[in-house]
Number of protein chains: 2
Amino acid sequence: MNDKSSNISKRRRTARAKDSADYVAKRAEVLGAAATLFKQQGFHSTRLVDVAREAGLDRATIYYYAGSKEELLQDIVGGVLDTAIAAAEELRANDALTGMQRLHQIFVILMTSYEENYPATFVYIQEQMHQVGVQETEWAQLIMKRTRLFDRMLIDFIKEGIEDGDLRSDIPPRLHENALFGMLNWTHRWFVPGGSLTGRQVAETFWSIYTGGALTDAGRANALPSPPVLSAVTG
Amino acid sequence: MNDKSSNISKRRRTARAKDSADYVAKRAEVLGAAATLFKQQGFHSTRLVDVAREAGLDRATIYYYAGSKEELLQDIVGGVLDTAIAAAEELRANDALTGMQRLHQIFVILMTSYEENYPATFVYIQEQMHQVGVQETEWAQLIMKRTRLFDRMLIDFIKEGIEDGDLRSDIPPRLHENALFGMLNWTHRWFVPGGSLTGRQVAETFWSIYTGGALTDAGRANALPSPPVLSAVTG
DNA sequence: GATCCAGTCAACGCCGACGTTGACGTTGAT
DNA sequence: ATCAACGTCAACGTCGGCGTTGACTGGATC
């Protein structure tokens, strides 16, 4: 008579400790299935039984690869922010770049990484990780802190662009940011990798709109009387 | 002995049938409380007990004003689309307007209505009503159909702008739309009525970026050579 | 061919949230 | 005073989904 209780938690821990290629690969598959569904239906609406079906497993088997539904989410979106912050820090440290160049770079890098890590980053955006709404967990707090850090770097790039005289100073940095990265982040609602456009093409197109506008020369002539929009009301 | 069972459903129906000013007002309060929380935490994460506390009521009392949690959501976002579609249809019917003017108008109207109906519209955006994710209910189908209708009208305005030679033809209409309305819709993450900027100011500023770009004249001159500096980071 | 282990599965306990119940004040009309 | 309607509330039934259990299978190792 053996009392070896199976205890899935312990078995998961030992399996993860072994770190075999097979286990890691299968785990990635499970995370991928979860990410797909989280993207499609949202985290809360997604049932673990659906994740299991998507991955071709039984629901209980999920727990052989992840301790909880939360863990799936955290592992999916975990590296997203770190990657972005690392890229921004590298740009900031490069003295040869202007603010505009840094802004352009991070913009393109973000979009291409959205594409590469699809759908992980879009899950991150969709689930509003930056909001308090998530939870009061330590993990959520960390995410929020890192998000604010990244945000501050973007604002700094923009301020640099304004101080250099490249970006319009009649628009507050925050509005510059929300316009530019609004276009970018909204891609989570419509962009699908493998479609007619690459992430890079989308990014460059949006960048050209942000910097130069969407009008033709003729259209610009038609629209000529364009007073500074904010000073009229704020001043 | 009377068998008058209280049956909250019937009592709600009779109360709603009477349509007294008090009832309507209180119901609006409940909807407002629900909208606030839906906006903050998302529909699924919001508990009816929280809605009740926000409205200063007992949870059961909610059912005197709404038959279900779903009904709260539907009534909150119900008019949003209809208003937008009506505005777009009016613009379309006005022969005196060019495509660019229609696009500009609907852009400003949408933003100001976001502000006026806050937070209802933002709930609509946040809950991704256009996605299949919601449900297979008849209501969801209708919402999706109406959304596609509105979307088609926006695309038509943009195509008109391109055909008139005002908007750049090297950018597909869909990208024009996603850039412009990406900026707009992303406001649901940061815009708060009563802040330093009105909805109209935000809309006009974004419009000026979309049409003319965010660069100064000097910045435009600097950007002309447009050195490809991406290799500094990626390579 | 016996033993062991990775991987899987049907089944259970549990909990939290929705929607309902039936009764309890309170108000205003008769 | 009586009655009806209004608005409210503590308490319950129910159900869906999470996380766990303990046993089963098929292949590898001795």
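Order of the sequence lines fixes the chain letters, A, B, ..., with proteins taken first and strands second; residue numbering starts at 1 for each chain.
OP1 or OP2 of C:dA6 has not a single side-chain nitrogen or oxygen of A:Tyr65 nearer than 4.0 Å.
For A:Tyr64 and C:dT8, the OH to C1' distance is 10 Å, given to the nearest whole Å. Rounded to an integer number of Å, the gap from CG of A:Leu48 to P of D:dC18 is 5 Å. Taking atom CZ of B:Arg13 as the reference point, atom P of D:dC6 lies 14 Å away to the nearest angstrom. Between B:Ile62 atom CD1 and D:dC9 atom P the separation is 11 Å, expressed in whole Å. A straight line from CZ of A:Phe43 to C1' of D:dG17 spans 12 Å, rounded to a whole angstrom. Atom-to-atom, OH of A:Tyr23 to C1' of C:dC5 comes out at 15 Å; the value is rounded to the nearest Å. The distance from atom NE2 of A:His44 to atom P of C:dA17 is 11 Å, rounded to the nearest whole Å. The interatomic distance linking B:Asp19 (CG) with D:dC6 (P) rounds to 13 Å, in whole Å.
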Stepwise salt bridge (charged side-chain N to carboxylate O under 4.0 Å, His left out) test for B:Lys26 and B:Glu29: CA-CA 5 Å; B:Lys26 194 108 190 177; B:Glu29 257 183 62; 5.1 Å; no

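Each of C:dC18, C:dT21, D:dC18 was ranked by its minimum atom distance to the side chain of A:Arg47; first place goes to D:dC18. When each of D:dT8, C:dC18, D:dG19 is scored by its nearest atom to the side-chain atoms of B:Ile8, the top-ranked nucleotide is D:dT8. When each of D:dT20, D:dC9, C:dG7 is scored by its nearest atom to the side-chain atoms of A:Ser9, the top-ranked nucleotide is D:dT20. Listed candidates were D:dC18, C:dG7, C:dC18. Nearest to the side chain of A:Asp22 is C:dG7.
DNA chain D is contacted by both B:Lys18 and B:Asp58; B:Lys18 maps to the nucleotide lying nearer its 5′ end (nearest heavy atom per residue). Two residues, B:Ala15 and A:Arg59, neighbour DNA chain D, and the one matched to the more 5' nucleotide by heavy-atom proximity is B:Ala15.
One donor-acceptor pair, N or O on each side, does fall under 3.5 Å between the base of D:dT8 and the side chain of B:Arg11.
In plain terms, the two heavy atoms of B:Tyr210 and B:Met183 that are nearest each other are CB-CE, 3.8 Å.
In this structure, B:Thr46 reaches the sugar-phosphate backbone alone: every heavy-atom distance under 4.0 Å involves primed, P, OP1 or OP2 atoms, never a base. As judged by a 4.0 angstrom heavy-atom cut-off over every strand, B:Ser68 is placed among residues touching the sugar-phosphate backbone only.
Between A:Tyr114 and A:Asn185 there is a side-chain heavy-atom pair separated by less than 4.5 Å. Under the 4.5 Å side-chain criterion, counting only non-hydrogen atoms from C-beta, A:Asn117 is not in contact with A:Phe122.
Note: B:Arg200 CZ to B:Thr112 OG1 = 7.0 Å, rounded to the nearest 0.5 Å.
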